[in-house]
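Lettering follows sequence order; numbering is per chain, from 1.
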Protein chains: 2
Amino acid sequence: MSRASDRAYSTIREMIVSGELAPGDSLREEALAEICDVSRTPVREALRRLEADMLIHKTESQRSYVADWSLDDIGDAFELRAMLEGHAARRAAKRIDDATLQALRECNARIGKAVIASPPDVDGFLELNREFHALILETAESRRLTGLLTALIEQPVVWRTAHHYGKDELRRSHQEHDELLAAFARGDGAWAESIMAGHIRRAFHAYADAHRGLTAIHSAGGKKQA
Amino acid sequence: MSRASDRAYSTIREMIVSGELAPGDSLREEALAEICDVSRTPVREALRRLEADMLIHKTESQRSYVADWSLDDIGDAFELRAMLEGHAARRAAKRIDDATLQALRECNARIGKAVIASPPDVDGFLELNREFHALILETAESRRLTGLLTALIEQPVVWRTAHHYGKDELRRSHQEHDELLAAFARGDGAWAESIMAGHIRRAFHAYADAHRGLTAIHSAGGKKQA
DNA sequence: GCGCTTCTTATTGTATACAAAATTGCGCAG
DNA sequence: CTGCGCAATTTTGTATACAATAAGAAGCGC
């Protein structure tokens, strides 16, 4: 993390995720280099990584822009996530040991605490939720699956909109994690897969509803739909 | 493709896929730069891309080595491919139009020709097969799915071992494509998904059988395996 | 002789300078 | 006024030089 290219990556990434850089904004290497206080070389490496993450997009003439996400694209990403995380849960159910199961239980207990707080600790929830899913992914023991999923998990939209989660959705999420733990305890891969897939799909619809609400407000004028 | 970094990427990639660089071999940037007749800068970009493809592997001290593939890893990759290509087939079945269907039919007809030739035109088969699957993937209309799959499709092992395909396996493959076309013609996504998943899994077992045969032979003499 | 430290060397990371390519803006002809 | 084409400027791609860091080798004490 102390390396310049890592700093550049984190910095630019954060600017995109936070919305400081809006979808469609152009990314000029020199400008980014100055912002990150490094030279263009590490910036270029960072841009490569961000492109692989699909957070940015290069035109045919090699200029970089912040990727814009249609609702379709987002639905797409969630669909893939549901499938892949479901697969991860199935594999994890077959491989999990007692120590890991216990760790997951503790993690979800802390999620429960974040959820029942008033007001709910959404940031804490997000961090713990991330930890919970990461642990399952690790237990699935598939380097390739991990590689594919990390690209999908780190989505700007998700993080921005998760803050719109209501108390009900947070509790529901916590509850689904518990069901997942039950499936793990029994080593029932198919069950775990079903729950996980549903868990992700629910998250998508929660997002889509919030999004529709937002765009309904914004789009009094009109929509850029193709 | 005329860019130096693309040349470096193709060159190094080809060396790995062909086996000229064996799993575990170290990749020194300067040496590669000389081989590719470019400077280290584009080589570094190429290495990044190859790392994303999981064809190479970086140690904690940032040195690069050709990735070695255990049979488990390969099975893993095929499993993910089966799932994702199955998903692609399902989506494609819902979206396909007559022109694309016709194009797929013609492609598979040419595959048929390559298969019945004696000796079978394996290189032609591979290229057409790639085209066939690419067309389906395109029809699935999911940029993210495309992104995830391209990483999985371009595997060195697959290409090296496909040459071991017997006439039966080639014919079987051609036949499965025909079934897929039937599913597409009826817009039956679930059917298409089943066939595609089976198609990929069959390919894996064909590989695994060949691999077991090969390692049995090799391990009699003794290999430089670490 | 063995283990530790330190110095040397090899390799990667970063910065900068230069080359190539592309976009933009201007000028000019129609 | 519009469309085309050229040139000026901006932006990206590549090469090279230098700095930082990790591996390897030699020296030293025990």
Side-chain angles (χ1 to χ4, degrees), chain A residues 1-16 20-68 143 147 150 224, chain B residues 1-16 20-68 143 147 150 224-226:
Chain A
M1 185 50 133
S2 69
R3 279 179 160 56
S5 67
D6 293 333
R7 251 197 345 238
Y9 175 77
S10 304
T11 305
I12 299 169
R13 185 173 202 298
E14 199 51 39
M15 289 174 73
I16 294 174
E20 187 175 346
L21 287 170
D25 280 4
S26 77
L27 299 165
R28 290 180 338 289
E29 293 174 357
E30 206 172 351
L32 293 172
E34 194 168 341
I35 291 171
C36 303
D37 196 38
V38 297
S39 82
R40 271 181 54 213
T41 309
V43 167
R44 285 174 64 81
E45 287 216 13
L47 289 180
R48 273 273 193 221
R49 286 168 64 183
L50 291 164
E51 192 190 359
D53 292 349
M54 294 186 90
L55 259 62
I56 72 175
H57 158 260
K58 280 194 162 184
T59 66
E60 68 287 345
S61 65
Q62 310 298 342
R63 277 165 169 73
S64 300
Y65 297 88
V66 178
D68 62 337
R143 289 211 322 273
T150 43
K224 57 178 176 187
Chain B
M1 183 50 133
S2 70
R3 277 179 159 57
S5 67
D6 293 332
R7 248 197 346 239
Y9 175 77
S10 303
T11 305
I12 300 168
R13 183 170 204 297
E14 198 53 38
M15 288 174 74
I16 295 173
E20 188 175 344
L21 287 169
D25 280 4
S26 77
L27 299 165
R28 292 185 330 293
E29 294 175 357
E30 206 173 350
L32 293 172
E34 195 168 341
I35 291 171
C36 302
D37 195 38
V38 296
S39 84
R40 271 181 55 215
T41 309
V43 167
R44 283 174 65 80
E45 285 216 16
L47 289 179
R48 277 278 195 218
R49 285 168 66 185
L50 290 164
E51 193 190 359
D53 292 349
M54 295 187 90
L55 259 63
I56 73 175
H57 159 259
K58 281 194 162 186
T59 66
E60 67 287 347
S61 67
Q62 310 297 340
R63 278 167 170 71
S64 301
Y65 297 88
V66 178
D68 61 339
R143 291 211 322 272
T150 44
K224 55 174 180 185
Q225 191 64 6

Sequence neighbours excluded and cut-off under 3.5 Å, please list the side-chain donor-acceptor pairs for residues 46-57 of chain B, or say none.
from: B:Arg48; atom 1: NE; to: A:Glu45; atom 2: OE1; distance (Å): 2.8
from: B:Arg48; atom 1: NH2; to: A:Glu45; atom 2: OE1; distance (Å): 2.4
from: B:Arg49; atom 1: NH1; to: B:Asp6; atom 2: OD1; distance (Å): 2.9
from: B:Asp53; atom 1: OD2; to: B:Tyr9; atom 2: OH; distance (Å): 2.4

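Taking all atoms of both residues into account, the shortest heavy-atom contact from B:Ala8 to B:Cys36 is CA-SG, 3.9 Å.
Taking atom CZ of residue A:Arg7 and atom P of nucleotide C:dG13, one finds them 15 Å apart after rounding to whole Å.
Interatomic distance, OG1 of B:Thr11 versus CD1 of B:Ile16, reported as 11.0 Å (0.5 Å rounding). For the atom pair A:Arg7 CZ and A:Ile12 CD1, the distance stands at 11.5 Å (nearest 0.5 Å).
Not counting sequence neighbours, B:Arg63 has no partner by the salt bridge (charged side-chain N to carboxylate O under 4.0 Å, His left out) test. By the side chain to side chain contact (heavy atoms under 4.5 Å, CB included) test, A:Glu34 pairs with no residue at all, sequence neighbours left out. For B:Arg28, there are no salt bridge (charged side-chain N to carboxylate O under 4.0 Å, His left out) partners two or more places apart in sequence or in a different chain. Under the side chain to side chain contact (heavy atoms under 4.5 Å, CB included) criterion, B:Glu30 pairs with no residue, sequence neighbours left out. For A:Pro23, the side chain to side chain contact (heavy atoms under 4.5 Å, CB included) criterion is met by A:Asp68, not counting sequence neighbours.
When heavy atoms are screened at a 4.0 angstrom cut-off, B:Ser5 is found touching the sugar-phosphate backbone but no base atom.
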Every protein N/O lying under 3.5 Å from an N/O of nucleotides 20-23 of chain C:
from: C:dT23; atom 1: OP1; to: A:Ser61; atom 2: OG; distance (Å): 3.1

Under the side-chain contact (heavy atoms from CB on, under 4.5 Å) criterion, do B:Thr59 and B:Tyr65 qualify, and how do the steps go?
CA-CA 8 Å; B:Thr59 66; B:Tyr65 297 88; 3.3 Å; yes

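OP1 or OP2 of D:dG13 has at least one side-chain nitrogen or oxygen of A:Gln62 nearer than 4.0 Å.
Non-hydrogen atoms lying under 4.0 Å from DNA chain C are contributed by B:Arg40, B:Arg44, all within residues 37-50 of chain B. Heavy-atom distances under 4.0 Å link DNA chain C to B:Leu27, B:Arg28, B:Glu29 of residues 27-36 of chain B, given in residue order.
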